[in-house]
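To start, the structure under review is shown below, and the notes come after it.
This one's a predicted model, so the numbers in the text were calculated from it and none came from an experiment.
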Amino acid sequence: MIVAQERTLAHRVRADFPILQEEVNGQPLVYLDNAATSQKPEQVLKALRSYYEHDNANVHRGVHTLSSRATDAYEGAREKIANFINAASPQEIVYTRNASEAINLVAYTWGWKNLQPGDEIILTVMEHHSNLVPWQIIAQRTGAVLKFVELTETQEFNWEQYCQLLSEKTKLVGVVHISNTLGCINPVREIVAQARRYGAKVLIDGCQSVPHLPIDVQEIDCDWLVASGHKMCAATGIGFLYGKLDILREMPPFLGGGEMIADVFLDRSTYADLPHKFEAGTPAIGEAVAIGAAIDYLSNIGMDAIQAYEHELNAYLFEQLNKIPEVTIYGPQPKADGSGRAALASFTCGQVHAHDLSTILDRAGVAIRAGHHCTQPLHRYLGVQSSARASLYFYNTREEIDAFIEALKEAIDFFSEIFG
């Protein structure tokens, strides 16, 4: 079954990704660092190049043909994002440089305006630094209090503790949809519904979910959701914030300057309508075109198909990793069919430092991540300094997992001789 699925998806699409034909240290590249950034298909690269070769002009400000074409592509990509996550309107999609900027936008506008001393912000110990640091800063400036949901014995979201933390003081819940370290899929729809009982707003970090499974923000009913283009086959330097229209309208501007204004006088200004109120200056037009092309590409494959195939790969990845006694994997185990968690595995190998492990694997052409994955508090909670992480995407194959496992075993044997 795995091979059949693999040949209908990964082997069909791999030719679209030029970088997957690369060699590293004389070996075929095995790219398993997709949670950090994904590779880009030729269709996205062509769209980016075509914009600069044929349509390059500033958007919204010109009436000439190139400006009109650039504006159509730029706003067309916004509409594609809205449809991709089932937002009610393209006006609910704000372009940002990345998800980090999107979270900062919410923190410095809604947070600074609405949070008061004693108000409570509920986060989790598994949050990426991008969903920790902005709220730490805002809490310090407003007097709000941070509280944290910890983990269950299976290293998943602790629902019972979350329910205990919620109160009338809770003003915001910020939670990652899929942990980039643990791989657990948090029950965001239920998290939102529970927060609503106390009138709290909810922000979802969708960086690891939007590229891998179907997302419906209206069904989730979150107030905000953020994602980064570079993790979903688009270019770096582009991300987006989804926000409910009525909430975005109440939020003050994030940055001031051109494009985000309606009228400017020497002593005051009025601001543009959504979403442009939050998009000061010349935007990343080419990158927006690229994310539109990436969404077309993913949609043509089908997010259900991507999710199902990654389940198949995930089952095989964990089957092989679980056979290696030196390996400790963090986060829950997947179900037998590979579902129930993301297709990534963060792990340690006894005394071997993750950076050393990654260096040895790189010699075999295998690219994995090593470090704290921007989740230092989580690693401290787990009692480990760092971990190695192999993360899959729909263009990865079972054969690549075999190459990774073989290189990993050889690395463990190498360090076993050193450590005795």
Within-4.5 Å side-chain heavy-atom neighbours: [X] and [Y]:
X      : Y      : result
Leu166 : Val173 : yes
Thr375 : Leu132 : no
Ile121 : Lys147 : no
Val59  : Pro283 : yes
Asn186 : Trp159 : no
Ile324 : Ile412 : yes
Val210 : Phe84  : yes
Pro275 : Ile93  : no

> Could you walk me through whether Glu219 and Arg189 pass the salt bridge (Lys or Arg N to Asp or Glu O under 4.0 Å) check?
Replying inline: CA-CA 7 Å; Glu219 182 183 21; Arg189 185 169 59 178; 2.6 Å; yes
To the nearest 0.5 Å, how far apart are [atom1] in [X] and [atom2] in [Y]?
X      : Y      : atom1 : atom2 : value
Ile295 : Glu79  : CD1   : CD    : 11.0 Å
Glu410 : Ile405 : CD    : CD1   : 12.0 Å
Asn56  : Ser50  : CG    : OG    : 11.0 Å
Phe157 : Thr152 : CZ    : OG1   : 10.5 Å
Cys349 : Asp356 : SG    : CG    : 11.5 Å
Leu298 : Lys80  : CG    : NZ    : 12.0 Å

>> Centre-to-centre under 6.0 Å for His379 and Tyr330, is that the case here?
In response: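 When the ring centroids of His379 and Tyr330 are compared, they turn out to be at least 6.0 Å apart.
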> Between Tyr271 and His276, is the ring centre distance below 6.0 Å?
Replying inline: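 Not close enough - the centres of the two rings lie 6.0 Å or further apart.
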Under 3.5 Å, is there a donor on one side chain and an acceptor on the other for [X] and [Y]?
X      : Y      : value
Gln333 : Asn322 : yes
His212 : Gln307 : no
Gln208 : His177 : no

>> If you apply the rule side-chain contact (heavy atoms from CB on, under 4.5 Å), what do you find for Cys222 with Tyr242, and how did you get there?
In response: CA-CA 9 Å; Cys222 56; Tyr242 157 80; 4.1 Å; yes
Donor-acceptor check, side chain of [X] to backbone of [Y], threshold 3.5 angstrom: yes or no?
X      : Y      : answer
Tyr162 : Ile191 : yes
Ser38  : His230 : yes
Asp205 : Cys207 : yes
Glu92  : Ala88  : yes
Asn180 : His373 : yes
Lys201 : Arg196 : no
Arg341 : Leu182 : yes
Asn25  : Asp362 : yes
Asn98  : Ser100 : yes
Asn396 : Leu392 : no

> Which heavy atom of Ala234 sits nearest a heavy atom of Lys40, and at what distance?
Replying inline: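 Shortest heavy-atom separation between Ala234 and Lys40 comes out as O-NZ, 2.8 Å.
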>> Checking Ile103 against Trp135 for the side-chain contact (heavy atoms from CB on, under 4.5 Å) test, could you report, in this order, the C-alpha distance in whole Å, the side-chain angles of both residues, the deciding distance, and whether it holds?
In response: CA-CA 9 Å; Ile103 295 172; Trp135 300 115; 3.8 Å; yes
> Could you go step by step and tell me if Thr170 and Leu172 meet the side-chain contact (heavy atoms from CB on, under 4.5 Å) rule?
Replying inline: CA-CA 6 Å; Thr170 307; Leu172 174 79; over 6 Å; no
> What do the steps show when you test Asn58 against Thr282 for side chain to side chain donor-acceptor pair (under 3.5 Å), and what is the final call?
Replying inline: CA-CA 7 Å; Asn58 214 328; Thr282 297; 3.0 Å; yes
>> As a test of understanding, state which of Pro332, Cys184, Ser346 forms a side-chain contact (heavy atoms from CB on, under 4.5 Å) with Ser179.
In response: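 Testing each of Pro332, Cys184, Ser346 against Ser179, the sole residue satisfying side-chain contact (heavy atoms from CB on, under 4.5 Å) is Cys184.
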>> Is there a side chain to side chain donor-acceptor pair (under 3.5 Å) between Ser387 and Thr348? Walk through the geometry before answering.
In response: CA-CA 5 Å; Ser387 62; Thr348 53; over 6 Å; no
> Can Arg78 and Glu279 be counted as an ion pair, charged N to O under 4.0 angstrom?
Replying inline: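 Looking at Arg78 and Glu279, the cut-off is met.
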> Under 4.0 Å between a Lys/Arg side-chain N and an Asp/Glu carboxylate O for Glu406 and Lys409?
Replying inline: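 Lys409 and Glu406: not salt-bridged.
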Enclosure of [X] [atom1] (heavy-atom neighbours >12, cutoff 6.0 Å):
X      : atom1 : result
Glu53  : CD    : yes
Gln21  : CD    : yes
Arg249 : CZ    : yes
Gln376 : CD    : yes

Using 30° and 60° as the class boundaries, would you call the ring planes of [X] and [Y] parallel, tilted or perpendicular?
X      : Y      : result
His129 : His372 : tilted
Tyr393 : Tyr395 : perpendicular
Tyr108 : Phe254 : tilted

